[in-house]
Amino acid sequence: MNRLKLEFERGGVFYARLLEDEAPKTCKTIREHLPFEYLFYQSIVSGQALVTLPPDLTVERENQRVANTPAGTIAFLVRDEPILVPDEIYIAYGLFISRGLTVDSRQPVNVFAQIDEDLGELAGVGRRVLMEGAESVRFSLA
């Protein structure tokens, strides 16, 4: 089983299992781009989640969900140009509901990885980004 390592620039290292059976295409694309590092911000509309807009990474739609995404979920919002939705990667640290400009105000995301341990620490990192501002997160294969 492949795992991702997420390292936050101001502290915090987390391991996420790739959901290879549920999102094989997304996991393959993510693995092919590793390692990478993006600046993550507090999401403004999706709840307790950090978000980045990767300028050099996109995936196909698969394993899409809007809700029922627990803390620790890592998901990819696939670009939808007709409604001006860019590619986005989310790291949920608490209550997360995908956003968007659809009729029901939600845009499904590809759920491709899950952090299962240290969720309290992850919530603390999420609050730190909320209160202190964006920080870089480096993704690599664990």
Side-chain angles (χ1 to χ4, degrees), residues 1-81 83-102 104-142:
M1 171 176 39
N2 287 326
R3 292 181 354 136
L4 292 175
K5 180 179 182 182
L6 285 71
E7 298 175 81
F8 286 76
E9 74 172 292
R10 292 194 300 259
V13 176
F14 302 92
Y15 295 91
R17 62 188 160 88
L18 285 166
L19 304 175
E20 309 257 8
D21 292 337
E22 294 91 344
K25 294 176 190 174
T26 304
C27 289
K28 180 178 187 283
T29 300
I30 294 294
R31 271 195 324 273
E32 288 172 350
H33 283 80
L34 293 172
F36 56 77
E37 186 171 326
Y38 298 118
L39 193 59
F40 276 78
Y41 300 83
Q42 170 63 41
S43 173
I44 353 179
V45 293
S46 295
Q48 295 173 318
L50 307 178
V51 63
T52 191
L53 282 70
D56 58 347
L57 182 59
T58 192
V59 298
E60 298 178 38
R61 287 175 176 78
E62 68 176 346
N63 190 29
Q64 293 208 303
R65 297 184 216 161
V66 171
N68 299 322
T69 50
T73 295
I74 304 175
F76 200 104
L77 176 64
V78 180
R79 175 179 43 235
D80 191 344
E81 291 182 21
I83 59 171
L84 304 175
V85 171
D87 286 319
E88 298 176 351
I89 298 174
Y90 287 93
I91 303 169
Y93 64 87
L95 179 62
F96 168 71
I97 298 175
S98 179
R99 69 97 172 129
L101 301 173
T102 56
D104 64 358
S105 298
R106 295 181 176 94
Q107 184 75 26
V109 292
N110 292 6
V111 174
F112 70 90
Q114 180 67 42
I115 298 169
D116 293 315
E117 299 174 348
D118 302 319
L119 296 177
E121 183 182 346
L122 179 63
V125 169
R127 287 189 298 275
R128 180 180 71 212
V129 171
L130 172 65
M131 300 307 293
E132 298 176 20
E135 64 183 87
S136 291
V137 181
R138 179 175 170 75
F139 284 67
S140 59
L141 205 53

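This one's a predicted model, so the numbers in the text were calculated from it and none came from an experiment.
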> Do you know which two heavy atoms are closest between V129 and A134, and how far apart they sit?
Replying inline: CG1-CA, 4.2 Å

> Counting only heavy atoms not in E37, do more than 12 sit closer than 6.0 Å to its CD atom?
Replying inline: yes

> Which residues pass the side-chain hydrogen bond (donor to acceptor under 3.5 Å, both in side chains) test with E132, sequence neighbours left out?
Replying inline: none

> For the residue pair V51 and S43, what are the closest heavy atoms and their distance?
Replying inline: CG1-CA, 3.8 Å

>> Holding to side-chain contact (heavy atoms from CB on, under 4.5 Å), I want the full list of residues that pass it with A71, two or more places apart in sequence or in another chain.
In response: none

>> Any carboxylate oxygen within less than 4.0 angstrom of a Lys/Arg side-chain nitrogen, looking at K28 and E60?
In response: no

> If you look only at pairs with a residue in residues 116-138, which of them pass as a ring-ring contact (aromatic ring centres under 6.0 Å, His included), with sequence neighbours excluded?
Replying inline: none

> Looking only at heavy atoms, what is the nearest atom pair of L39 and E9, with distance?
Replying inline: CD1-OE2, 4.3 Å

> Relative to the ring of F96, is the ring of Y90 parallel (under 30°), tilted (30 to 60°) or perpendicular (over 60°)?
Replying inline: tilted

>> Can you see whether Q114 engages T73 through a side-chain donor-acceptor pair at a distance of less than 3.5 angstrom?
In response: yes

>> Does anything in residues 133-142 form a salt bridge (charged side-chain N to carboxylate O under 4.0 Å, His left out)? List the pairs, not counting sequence neighbours.
In response: R10-E135, R128-E135

>> What's the separation between atom OG1 in T29 and atom CG in L34, rounded to the nearest 0.5 Å?
In response: 10.5 Å

>> Quick check on F36: does its CZ atom have over 12 non-hydrogen neighbours (other residues, nucleotides or ligands) under 6.0 Å away?
In response: yes

> What is the distance from atom CZ of R61 to atom NZ of K25, rounded to the nearest 0.5 Å?
Replying inline: 12.0 Å

>> Determine whether L50 and V137 satisfy the following criterion, side chain to side chain contact (heavy atoms under 4.5 Å, CB included), listing intermediate values before the conclusion.
In response: CA-CA 10 Å; L50 307 178; V137 181; 5.6 Å; no

>> Using 0.5 Å steps for rounding, measure from the CD1 atom of I74 to the OG1 atom of T26.
In response: 12.5 Å

> Who are the side-chain hydrogen bond (donor to acceptor under 3.5 Å, both in side chains) partners of D118, not counting sequence neighbours?
Replying inline: none

> To the nearest 0.5 Å, how far apart are CZ in F14 and CD1 in I115?
Replying inline: 6.5 Å

> Between Q48 (side chain) and L95 (backbone), is there a donor-acceptor pair under 3.5 Å?
Replying inline: yes

>> I'd like to check the side-chain contact (heavy atoms from CB on, under 4.5 Å) partners of D56; sequence neighbours left out, ordered by chain and number.
In response: Y38, P54

